[in-house]
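Notes follow the structure.
Heavy atoms only: backbone and side chains are in, while hydrogens, waters and symmetry mates are out. Predicted, not measured: the structure shown is a model, and the values here were computed from it.
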Amino acid sequence: RFFAVDMLSDGAAQRTLEAGYMVARSLRLLGRKDEALVMQQQLLRDSEAMAAVDPYVLDELVLLYRASGETGLADAAAERAARVRSSSPP
């Protein structure tokens, strides 16, 4: 586990998850896809525990799953990202 968000206030937890997203995204851009995948998966679990799933994390997972040939997981993440976006206020 990378982020101890359960020990933070809601605002601090959200900012910690956002920072983690940026680190994991940077890892993907640097070609360190395995590390990025592990981090994004943990970010998803942590955000699910907070009932605040971030569609950008799901977008990153789509890219990472597709890069590793996991098209079924990529498609599922893309569908979930669309559902999250459609249920979020503008």
Side-chain angles (χ1 to χ4, degrees):
R1 192 172 111 190
F2 299 101
F3 313 102
V5 294
D6 55 331
M7 300 172 66
L8 302 172
S9 69
D10 286 344
Q14 185 61 37
R15 288 189 301 276
T16 300
L17 292 176
E18 290 168 1
Y21 161 81
M22 289 184 263
V23 170
R25 182 177 184 273
S26 296
L27 287 171
R28 178 184 59 81
L29 293 171
L30 289 169
R32 296 168 58 180
K33 293 180 177 129
D34 291 339
E35 293 169 86
L37 178 60
V38 169
M39 286 186 74
Q40 294 291 6
Q41 289 170 330
Q42 184 62 51
L43 287 164
L44 180 60
R45 285 189 293 272
D46 288 346
S47 66
E48 287 171 335
M50 293 174 51
V53 174
D54 185 340
Y56 294 108
V57 170
L58 292 164
D59 292 341
E60 283 293 310
L61 286 169
V62 169
L63 295 171
L64 291 163
Y65 288 141
R66 286 213 170 104
S68 65
E70 299 286 346
T71 56
L73 291 173
D75 292 344
E79 290 171 14
R80 186 168 182 201
R83 284 194 310 275
V84 168
R85 283 190 173 92
S86 70
S87 67
S88 297

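Here the CG atom belonging to Leu64 is positioned 8.5 Å from the CD atom belonging to Gln41, to the nearest 0.5 angstrom. Note that CG of Leu17 and CG of Asp54 are 8.0 Å apart. Values are rounded to the nearest 0.5 Å.
At a threshold of 4.5 Å between side-chain heavy atoms, the hydrophobic network of Ile, Leu, Val, Met, Phe, Trp and Tyr places Met22 and Val62 in two separate groups. At a threshold of 4.5 Å between side-chain heavy atoms, the hydrophobic network of Ile, Leu, Val, Met, Phe, Trp and Tyr places Leu63 and Val23 in two separate groups.
For the residue pair Val84 and Val53, the shortest heavy atom distance occurs at CG1-O, 3.5 Å. Closest approach of Tyr56 and Tyr21 over heavy atoms only: O-CE1, 3.5 Å. Residues Leu43 and Ala24 approach most closely at CD1-CB, 4.4 Å, considering heavy atoms.
In this structure, the side chains of Asp46 and Gln42 come closer than 4.5 Å at one or more pairs of heavy atoms.
Residues satisfying the side chain to side chain donor-acceptor pair (under 3.5 Å) criterion with Glu70, sequence neighbours excluded, are absent altogether.
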For this session: Under the side chain to side chain contact (heavy atoms under 4.5 Å, CB included) rule, what do Leu44 and Leu61 come out as? Steps first, then yes or no, please.
Result: CA-CA 9 Å; Leu44 180 60; Leu61 286 169; 3.8 Å; yes
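For residues 23-33, every residue pair satisfying the side chain to side chain donor-acceptor pair (under 3.5 Å) rule, not counting sequence neighbours, is listed here: Arg28-Glu60, Arg32-Glu35.
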Side-chain donor-acceptor pairs under 3.5 Å in residues 72-82, sequence neighbours left out?
residue: Asp75; atom: OD1; partner: Arg66; partner atom: NH2; Å: 3.0
residue: Arg80; atom: NH1; partner: Glu48; partner atom: OE2; Å: 2.6
residue: Arg80; atom: NH2; partner: Glu48; partner atom: OE2; Å: 3.0

